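Keep in mind that this is a model prediction, so the values were computed, not measured.
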Amino acid sequence: MDDKHNGPTTKDGIRIHSEADFAGMHKAGQVAAQILDEVVEHIFVGQTTGAIDAFIEKRVNELGAESATIGYRGYQHASCISVNHVVCHGIPGDKKLKDGDILNIDVTVIIDGWFGDTSRMYVAGKLPRKAERLVEVTHDALFKGIEAVKPGNTFGDIGHAIQSFVEAQRMSVVRDFCGHGLGRVFHAPPNVLHYGRPGTGPVLEEGMFFTIEPMVNLGRPETKVLSDDWTAVTRDKSLSAQFEHSIGVTSDGFDIFTLSPGGKFHPTYE
Ligand code: MF3
Ligand code: CO
Ligand code: CO
């Protein structure tokens, strides 16, 4: 990619985007979020994760987008579906959902060259009490991080906001995976850590685009990747949850590109 046609980057290699670029990100983010809204009706006991992924791939195509994950480092699916103790990068397949399973579905689309990356939690059947607390804390942890986004704050402030909130609930933040810069590329600088110390790391500037995507475990934070080279699970087999938004830094705060058009980001519990 020819750098000079894409505006400046900071000394940390973080690209500063223009006003028009926000519109591109908004369009891509909204398609990803709309697909995650539509997925709600496809989650039920007995459903396979492969069938959910097939629906997602069909909708990506029908909406005139391209899947960012198909072909990415050999990955072959339009989504990652991570059930229960799977932390992230779960591969869709023929395993059926059981009553009380919690799952993260992560979709990344490309529209007009811009990447929209978002994930959220779903439940099959009745949500168990412990899982409900985990999902709630993980959702709120993402927003603690987002609320720390404004020019002059640092990436360490975002990580600290998430970590201190999660650990106060006696849950743990995964260290082995992080958020990332994005824009016209899928994974760009910086690494957005979900833990850290206030005032450390690069300073946030208007026009930076990145994801925040905390993974929270009920048990210990350690993970391992299975022999399929993708599926990351908790080492202690404890439940794990994740929520992800793609956001941009504005003059006085943040713009969330992947807000749910139907208000379905936070699962509603009956
Ligand atoms: N969407 C994931 C993220 O949040 C990346 C998935 S890459 C894949 O960064 F190849 F596993 F799909
Ligand atoms: Co991401
Ligand atoms: Co993602």
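Under the 4.5 Å side-chain heavy-atom criterion for grouping Ile, Leu, Val, Met, Phe, Trp and Tyr, Val233 is not connected to Leu134 through any hydrophobic cluster.
Within a 6.0 Å sphere centred on NZ of Lys264, heavy atoms belonging to other residues, nucleotides or ligands number more than 12. Within a 6.0 Å radius of CG in Asp12, more than 12 heavy atoms belonging to other residues, nucleotides or ligands are found. Counting heavy atoms of neighbouring residues, nucleotides and ligands inside a 6.0 Å radius, atom CD of Glu19 does not exceed 12 of them. More than 12 heavy atoms of other residues, nucleotides or ligands lie within 6.0 Å of CD in Glu167, so this atom counts as buried by the packing criterion.
At distances below 3.5 Å, not a single donor-acceptor pair connects side-chain atoms of Gln47 with backbone N or O atoms of Leu97. For Thr9 (side chain) and Gly13 (main-chain N/O), no donor-acceptor pair under 3.5 Å exists by modelled atom type. A donor-acceptor pair is defined here as one N or O able to donate and one able to accept, closer than 3.5 Å; such a pair exists between the side chain of Asn61 and the backbone of Glu57. No donor-acceptor pair under 3.5 Å is formed between the side chain of Thr138 and the backbone N or O of Gln242. The backbone N or O of Gly179 sits nowhere less than 3.5 Å from a side-chain atom of Thr211 that would complete a donor-acceptor pair. In this structure, the side chain of Ser82 engages the main chain of Gly90 through a donor-acceptor pair within 3.5 Å. Remark: side-chain polar atoms of His17 are not paired, donor with acceptor, to backbone N or O of Phe22 under 3.5 angstrom.
Between Phe143 and His139, a ring centre-to-centre spacing shorter than 6.0 Å is recorded. Taking the six-membered ring for Trp and the full ring otherwise, the centers of Phe243 and His245 sit at least 6.0 Å from each other.
Salt-bridge check for Arg133 with Glu136: failed, with every basic side-chain N at 4.0 Å or more from each acidic carboxylate O. Under the 4.0 Å criterion applied to side-chain N and carboxylate O atoms, Arg120 and Asp37 are assigned as salt-bridge partners.
A distance of 9.5 Å separates CZ in Arg15 from CZ in Arg184, rounded to the nearest 0.5 Å. From Thr200, atom OG1 reaches atom CG of Asp157 across 7.5 Å, with rounding to the nearest 0.5 Å. Note: Asp106 CG to His89 NE2 = 7.0 Å, rounded to the nearest 0.5 Å. Here the NZ atom belonging to Lys144 is positioned 15.0 Å from the CD1 atom belonging to Ile158, to the nearest 0.5 angstrom.
Inspection of the Glu38 and Gln34 side chains reveals an N or O donor paired with an N or O acceptor under 3.5 Å. Side-chain polar atoms of Thr48 and Asp94 form no donor-acceptor pair below 3.5 angstrom. Inspection of the Ser119 and Asn104 side chains reveals an N or O donor paired with an N or O acceptor under 3.5 Å. Using modelled atom types, one finds no donor on one side chain facing an acceptor on the other under 3.5 Å when comparing His194 with Glu213. Between the side chains of Thr223 and Asp176, at least one donor N or O sits under 3.5 Å from an acceptor N or O.
A pairwise comparison of heavy atoms in Ala28 and Val109 identifies O-CG2, 3.4 Å as the closest pair. Considering all non-hydrogen atoms of both residues, Gly100 and Pro128 come closest at O-CD, 3.4 Å.
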Verify ring pair (Phe, Tyr, Trp, His ring centres under 6.0 Å) between His187 and Tyr72, making sure each step is shown before the conclusion.
CA-CA 11 Å; His187 294 107; Tyr72 177 77; 5.4 Å; yes
Please assess Asp117 against Ser246 for the test side-chain hydrogen bond (donor to acceptor under 3.5 Å, both in side chains), listing each intermediate value before the final yes or no.
CA-CA 6 Å; Asp117 184 7; Ser246 296; 5.3 Å; no
